[in-house]
Engineer: 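Sharing a structure, written as structure tokens. Questions coming.
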Amino acid sequence: MKKSDFLEFATYIAVQAGWNIQNSYKSFHERNPIWTSADHYKTAVDDMNDRLARDAIIARFPEHSIWSEESDLRDQGSDYTWIVDGVDGTFCLIWDFADHTAFCIALYNGTEPVVGVVNAARRRELYYAEFGDGAFLNSQKIYPSDIADLRKVSMPA
């Protein structure tokens, strides 16, 4: 399978998960926190997106391992491992004070990244990268800053 097929697959999942995040704003029930420990919580959307990704990966790549924030490691002994965060920015999702909420998915082959996709759905920003091809935001190639001293970074007005 070509890497671009992996990227297409990961992007499809990320778009579906983004819809789940967007639709959760219609119902606080889906955003209501579920405390998993004294200092960690999740939402129904975290679990929904985790299941979405895991089910899709298992159906398409049953031999691949999956490491996700909300579920136990699915270790298939494969060189390929999917890494999933159903909702990055759960605090922002629950309290709706910022739009910094995203779904994240990546695929590694051993220790080498293959693809990564981040869907910041409320911001309408879809980031993706494929090893050796650079990174993109909404189909536009993006580049790292050449500023090495963070004290020299200026914030946009």
Engineer: ring-ring contact (aromatic ring centres under 6.0 Å, His included): which pairs involve residues 108-128, sequence neighbours left out?
Structural biologist: Tyr128-Phe136

Engineer: With Thr90 as reference, evaluate Thr101, Asp46, Thr43 under the side-chain hydrogen bond (donor to acceptor under 3.5 Å, both in side chains) test and give the passing residue.
Structural biologist: Asp46

Engineer: Quick check: do Ile57 and Arg74 have side-chain heavy atoms less than 4.5 Å from each other?
Structural biologist: no

Engineer: What residues, two or more places apart in sequence or in another chain, satisfy salt bridge (Lys or Arg N to Asp or Glu O under 4.0 Å) together with Arg122?
Structural biologist: Asp96

Engineer: Could you tell me how the ring of Tyr80 sits relative to the ring of His64: parallel (under 30°), tilted (30 to 60°) or perpendicular (over 60°)?
Structural biologist: parallel

Engineer: I'd like to check the salt bridge (Lys or Arg N to Asp or Glu O under 4.0 Å) partners of Asp99; sequence neighbours left out, ordered by chain and number.
Structural biologist: Arg123

Engineer: Going by side chain to side chain contact (heavy atoms under 4.5 Å, CB included), name the residues that satisfy it together with Arg124, two or more places apart in sequence or in a different chain.
Structural biologist: none

Engineer: How far apart are the closest heavy atoms of Ala102 and Ala120, and which atoms are they?
Structural biologist: CB-CA, 3.9 Å

Engineer: Asp75: which residues meet the side chain to side chain contact (heavy atoms under 4.5 Å, CB included) condition with it, sequence neighbours left out?
Structural biologist: Ser65, Leu73

Engineer: Mind checking what makes side chain to side chain contact (heavy atoms under 4.5 Å, CB included) contact with Gln16, not counting sequence neighbours?
Structural biologist: Tyr12, Leu52

Engineer: For Ser71, enumerate each residue passing the side chain to side chain contact (heavy atoms under 4.5 Å, CB included) test, keeping only those at least two apart in sequence or located in another chain.
Structural biologist: Asp50, Arg54, Ser68

Engineer: For Asp149, enumerate each residue passing the salt bridge (Lys or Arg N to Asp or Glu O under 4.0 Å) test, keeping only those at least two apart in sequence or located in another chain.
Structural biologist: Arg151

Engineer: Indicate yes or no for a side-chain donor-acceptor contact from Glu125 to the backbone of Leu137 under 3.5 Å, with no hydrogens or angles considered.
Structural biologist: no

Engineer: Which distance, rounded to the nearest 0.5 Å, do you find between the CD1 of Ile83 and the CD of Glu69?
Structural biologist: 12.0 Å

Engineer: Heavy-atom distance under 4.5 Å between the side chains of Thr11 and Val115, does that happen here?
Structural biologist: no

Engineer: Scan for salt bridge (charged side-chain N to carboxylate O under 4.0 Å, His left out) pairs involving residues 81-95, sequence neighbours excluded, and state none if there are none.
Structural biologist: none

Engineer: Among residues at least two apart in sequence or on other chains, which ones pass side chain to side chain donor-acceptor pair (under 3.5 Å) with Asn119?
Structural biologist: none

Engineer: Could you tell me which residues satisfy salt bridge (Lys or Arg N to Asp or Glu O under 4.0 Å) with Asp47, sequence neighbours excluded, listed by chain and number?
Structural biologist: Lys42

Engineer: So if I apply the side chain to side chain contact (heavy atoms under 4.5 Å, CB included) rule between Phe103 and each of Val84, Val15, Val45, which one comes out positive?
Structural biologist: Val84

Engineer: Are there more than 12 heavy atoms of other residues, nucleotides or ligands under 6.0 Å from atom CG of Asp72?
Structural biologist: no

Engineer: Show the nearest heavy-atom pair for residues Ser78 and Glu63, with the distance to one decimal.
Structural biologist: CB-O, 3.0 Å

